[in-house]
Amino acid sequence: MTVTTTREEIYKERAEQYFKAVEGHTNGHITDLDVFVAEDVINHNPMSNSGVILEEEHGIEAFRRHAESIPTAFPDLWLDIQDRIAKNDRVVVRFVLSGTHDGPLMGIDPTGEKVTMSGIVIYHFDEGQIVERWGEANVLGFLHQIGKAPE
């Protein structure tokens, strides 16, 4: 029996490998980020330790700031992938993030609170690397859990 692996299956696996690289960080640093992310990547709605960025950012160093803000904020980060859906060169990942808010995120100082936050991200792949990213997370739920939600 011959097993055929489609490009969509390969990209779904790459997305999962990237999530594992984020989860397996070393003190907030994601090793081998350039294996997963193209040099000229476009991040359509990034965040960082210091704030939310309201415009897209270009390049792997800007992407690194975004990507490493998550494990820096949650050193005991755990990412549970709920779904991976692929169509052509796009992969949608629905996930749940869990961890302790022990580092700054979006300009909010650490609270020490354990949090769970759901999110959905869309990756556009080219030749096995992420070239574009869009993402949404339940930030309001996160803010409620750490006692920082707007009144």
Side-chain angles (χ1 to χ4, degrees), residues 10-87 89-150:
I10 291 168
Y11 288 165
K12 282 172 34 177
E13 183 63 27
R14 287 297 282 168
E16 187 167 331
Q17 291 168 351
Y18 169 68
F19 267 64
K20 287 180 180 175
V22 173
E23 196 175 56
H25 69 94
T26 304
N27 297 320
H29 178 71
I30 302 167
T31 52
D32 299 328
L33 186 69
D34 58 336
V35 170
F36 299 101
V37 180
E39 187 67 35
D40 58 349
V41 65
I42 301 168
N43 193 355
H44 289 281
N45 49 349
M47 71 171 90
S48 72
N49 297 108
S50 59
V52 176
I53 298 133
L54 299 177
E55 56 194 42
E56 67 186 36
E57 289 190 328
H58 297 254
I60 194 165
E61 288 312 311
F63 193 95
R64 180 178 299 283
R65 271 192 311 279
H66 160 81
E68 291 183 348
S69 70
I70 304 302
T72 298
F74 306 102
D76 60 346
L77 175 69
W78 182 66
L79 295 167
D80 182 20
I81 294 176
Q82 306 283 302
D83 281 311
R84 292 175 304 152
I85 303 165
K87 176 92 172 157
D89 56 4
R90 304 274 201 287
V91 177
V92 178
V93 180
R94 183 174 64 88
F95 64 94
V96 175
L97 172 155
S98 300
T100 308
H101 182 224
D102 281 337
L105 184 66
M106 299 182 297
I108 302 169
D109 289 332
T111 62
E113 295 292 330
K114 293 197 178 302
V115 300
T116 301
M117 180 169 41
S118 61
I120 296 175
V121 66
I122 302 169
Y123 297 116
H124 173 198
F125 282 89
D126 185 31
E127 297 186 17
Q129 288 190 303
I130 299 167
V131 295
E132 282 186 280
R133 178 207 168 271
W134 299 262
E136 298 296 332
N138 182 4
V139 174
L140 185 57
F142 163 67
L143 294 174
H144 275 287
Q145 292 174 70
I146 63 170
K148 303 286 185 178

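Computation of the quantities below employed the complete heavy-atom set of this structure, encompassing side-chain atoms and omitting hydrogens, waters and symmetry-equivalent molecules.
Qualifying side chain to side chain contact (heavy atoms under 4.5 Å, CB included) partners for D32, counting only residues two or more places apart in sequence or in other chains: V35.
Nearest heavy atom pair, residue G28 against residue P71, reads O-CG, 3.7 Å. Across all their heavy atoms, P104 and A73 have their closest contact at O-CB, 3.6 Å. Scanning all heavy atoms of the two residues, the minimum distance from T100 to G112 falls at CG2-O, 3.4 Å. The two atoms that bring A137 and M117 nearest to each other are CB-SD, 4.1 Å, heavy atoms only. When all heavy atoms of E127 and Y11 are compared, the closest pair comes out as N-OH, 3.4 Å. Across G99 and F74, no two heavy atoms sit closer than the pair C-CD2, 3.9 Å.
P46 has its side chain out of reach of R65: every pair of non-hydrogen atoms, C-beta onward, lies at least 4.5 Å apart. Using a 4.5 Å heavy-atom threshold, the side chains of I70 and M47 count as touching. Taking the side chain as every heavy atom from C-beta outward, Q145 and K114 never approach each other to under 4.5 Å. In this structure, the side chains of W78 and E23 come closer than 4.5 Å at one or more pairs of heavy atoms. Residues F19 and V121 form a side-chain contact, since some pair of their non-hydrogen atoms from C-beta on lies under 4.5 Å apart. Considering only heavy atoms from C-beta on, W134 comes within 4.5 Å of R90 through its side chain. In this structure, K148 and T111 have side chains that are in contact, with non-hydrogen atoms separated by less than 4.5 Å. Residues L105 and F142 form a side-chain contact, since some pair of their non-hydrogen atoms from C-beta on lies under 4.5 Å apart.
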Start with the C-alpha gap between V41 and N43, add the side-chain angles, then the distance that decides, and say whether side-chain contact (heavy atoms from CB on, under 4.5 Å) holds.
-> CA-CA 7 Å; V41 65; N43 193 355; 5.7 Å; no
Are V91 and R14 close enough, and set up right, to give a side-chain contact (heavy atoms from CB on, under 4.5 Å), and what steps lead you there?
-> CA-CA 9 Å; V91 177; R14 287 297 282 168; over 6 Å; no
Carefully, step by step, assess F125 and I130 under the rule side-chain contact (heavy atoms from CB on, under 4.5 Å).
-> CA-CA 5 Å; F125 282 89; I130 299 167; 3.7 Å; yes
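The distance from the CG atom of L143 to the CG atom of N138 is 9.0 Å, given to the nearest 0.5 Å. To the nearest 0.5 Å, atoms CG (D89) and CD1 (I10) are separated by 13.0 Å. Taking CG of D76 as the start and NE2 of H101 as the end, the distance is 11.5 Å to the nearest 0.5 Å. To the nearest 0.5 Å, the span separating CZ on R94 from CD1 on I120 amounts to 7.0 Å.
A salt bridge links E16 to K20: one of the charged nitrogens lies within less than 4.0 Å of a carboxylate oxygen.
The residue from E56, E57, E136 that alone fulfils the side chain to side chain donor-acceptor pair (under 3.5 Å) condition with N45 is E136. When each of H124, E132, R133 is checked for a side chain to side chain donor-acceptor pair (under 3.5 Å) with H44, only E132 meets the rule.
Within a 6.0 Å sphere centred on CG of D83, other residues, nucleotides and ligands contribute more than 12 heavy atoms.
Side-chain contact, D34 with Q129: no donor N or O sits under 3.5 Å from an acceptor N or O.
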